[in-house]
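Structure, as C-alpha cells:
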Amino acid sequence: MKFIGFAKSQLQSMRESNWESLIADASSFCAKHGIMIPEMDKNNHLGKSKRRSSSVIYSHHLRIDIFNVVIDLQLSELNSHFDVVNGDLLLSMASLSPDNFFANYDKERIMKLAKLYSHEYSISKLEDLSYDLDNYILYVREDRNLSNLKGLGDLSEILVEIELHKT
C-alpha cells in the first residue's frame, strides 16, 4: 500500500511540475534522432485540415489534452483498483504475515477482517478470537521455532511439526 501511495504521489507531482523536464527530454531525443519538433507556440490544427485552426497553441494541447489526461487516467486506474476498501483488505491480510517475527501483526486489522465474515464469526466468537489473538502473538514471538518464517505456508508446516495445529 505504501508503494501505491508513492506511485499516486509521483504521478501527481509529475502532473504538477514535470512537464518542462518531459518536453526537454523529448526535444533532446527528437534532436538526437533527427525528428522534427513542432513549434510549441503555434496554433494547434484539429484533424487533418489546416483550415480548421484552433485558438489553442500546440504546447497547451499537448500538456492539457494529452499529458494531463494520461496522468489522470493512471491515477483513476490506481484509485479504482486500490480504493479504501481494497486497501484495508490488503493491509488486514498483511497483518497475518509471519515475516520478521510477525512485524506486520495488527490485531485491530485482523479483527476488522474477521467482522467482514459475519457468517463465520458471531459476537461471542469475535470475543474469543480477540483473546486468542493476544495469546497467539505472545506465544509465536517467544517461540524460536517460529522465528524464520517466510509466509503462511512456513507457519502451517511448523505448527504441524511441533504439533500446535491440534491446539
Side-chain angles (χ1 to χ4, degrees), residues 1-121 123 125-126 129-130 133 136-137 140-141 148-156:
M1 289 311 298
K2 287 180 185 177
F3 285 125
I4 300 301
F6 177 72
K8 288 179 182 180
S9 296
Q10 288 294 93
L11 284 168
Q12 189 61 39
S13 173
M14 185 184 301
R15 186 182 196 286
E16 292 167 2
S17 61
N18 286 20
W19 171 250
E20 297 301 325
S21 69
L22 175 67
I23 288 297
D25 290 346
S27 296
S28 172
F29 177 86
C30 289
K32 180 179 177 181
H33 296 284
I35 300 170
M36 185 190 82
I37 301 171
E39 294 180 45
M40 294 294 178
D41 58 348
K42 295 285 184 183
N43 283 352
N44 179 39
H45 299 289
L46 301 172
K48 294 180 180 179
S49 171
K50 291 194 177 196
R51 286 187 223 162
R52 291 181 53 206
S53 186
S54 166
S55 62
V56 175
I57 61 173
Y58 198 64
S59 64
H60 178 81
H61 166 69
L62 289 176
R63 182 175 190 166
I64 304 303
D65 298 339
I66 297 175
F67 181 73
N68 286 352
V69 168
V70 169
I71 288 179
D72 290 346
L73 285 170
Q74 293 298 313
L75 284 168
S76 176
E77 190 72 16
L78 283 173
N79 287 332
S80 71
H81 286 296
F82 298 100
D83 61 6
V84 173
V85 173
N86 289 337
D88 281 347
L89 183 60
L90 287 172
L91 290 171
S92 296
M93 295 299 291
S95 295
L96 297 169
S97 173
D99 293 356
N100 299 324
F101 279 107
F102 295 82
N104 291 326
Y105 175 78
D106 184 334
K107 178 183 171 184
E108 295 308 312
R109 286 197 184 276
I110 296 170
M111 292 300 297
K112 191 174 179 181
L113 183 62
K115 288 175 186 172
L116 294 175
Y117 295 92
S118 58
H119 61 281
E120 295 285 331
Y121 292 97
I123 292 174
K125 280 188 175 182
L126 284 171
L129 178 62
S130 177
L133 285 170
Y136 171 75
I137 199 63
V140 297
R141 285 186 172 158
N148 293 318
L149 302 176
K150 300 295 181 212
L152 291 176
D154 289 351
L155 175 63
S156 299

inquiry  = Taking side-chain contact (heavy atoms from CB on, under 4.5 Å) as the definition, give me every residue that meets it alongside Leu73, ordered by chain and number, with sequence neighbours left out.
reply    = Val69
request  = Give, for atom CD of Gln10 and atom CG of Asn18, the distance between the pair rounded to the nearest 0.5 Å.
outcome  = 8.0 Å
inquiry  = Check whether Ser13 reaches the backbone of Ser9 with its side chain - one donor and one acceptor, N or O, closer than 3.5 Å.
reply    = no
task = Identify the heavy atoms of Trp19 and Ser59 that sit nearest to each other, and give their distance.
result = CZ2-O, 3.8 Å
query = Which residue pairs satisfy the salt bridge (Lys or Arg N to Asp or Glu O under 4.0 Å) criterion with at least one member in residues 23-43, sequence neighbours excluded?
reply = Glu39-Lys42
key: Spatial distance of atom CD (Glu120) from atom CG (Leu129) [nearest 0.5 Å]   = 12.0 Å
inquiry  = Run the ring pair (Phe, Tyr, Trp, His ring centres under 6.0 Å) test against Tyr105 and tell me which residues pass, sequence neighbours left out.
reply    = none
note = side-chain hydrogen bond (donor to acceptor under 3.5 Å, both in side chains) filter on Ser130, not counting sequence neighbours, yields Lys107
query = Do Asp106 and Ile110 have side chains that get closer than 4.5 Å, going by heavy atoms?
reply = no
Partners passing salt bridge (charged side-chain N to carboxylate O under 4.0 Å, His left out) against Lys125 (at least two apart in sequence or in another chain) = none
request  = Kindly check if the number of other-residue, nucleotide or ligand heavy atoms within 6.0 Å of CD1 (Ile123) is above 12?
outcome  = no
ask   = Ile37: what forms a side-chain contact (heavy atoms from CB on, under 4.5 Å) with it, not counting sequence neighbours?
value = Ser27, Cys30
task = Just jot down the side-chain contact (heavy atoms from CB on, under 4.5 Å) partners of Leu126, sequence neighbours excluded, or say none.
result = Met111, Ala114, Lys115, Tyr121
By side-chain hydrogen bond (donor to acceptor under 3.5 Å, both in side chains) - contacts of Glu16 (at least two apart) = Gln12
task = Would you please name every residue forming a salt bridge (charged side-chain N to carboxylate O under 4.0 Å, His left out) with Asp65, sequence neighbours left out?
result = none
Side chain to side chain donor-acceptor pair (under 3.5 Å) contacts in which one or both residues fall within residues 66-77, not counting sequence neighbours = Arg15-Asp72, Glu77-His81
ask   = By side-chain contact (heavy atoms from CB on, under 4.5 Å), which residues pair with His33, not counting sequence neighbours?
value = Phe29, Ile35
ask   = Is there side-chain contact between Met40 and Leu62, with heavy atoms separated by less than 4.5 Å?
value = yes
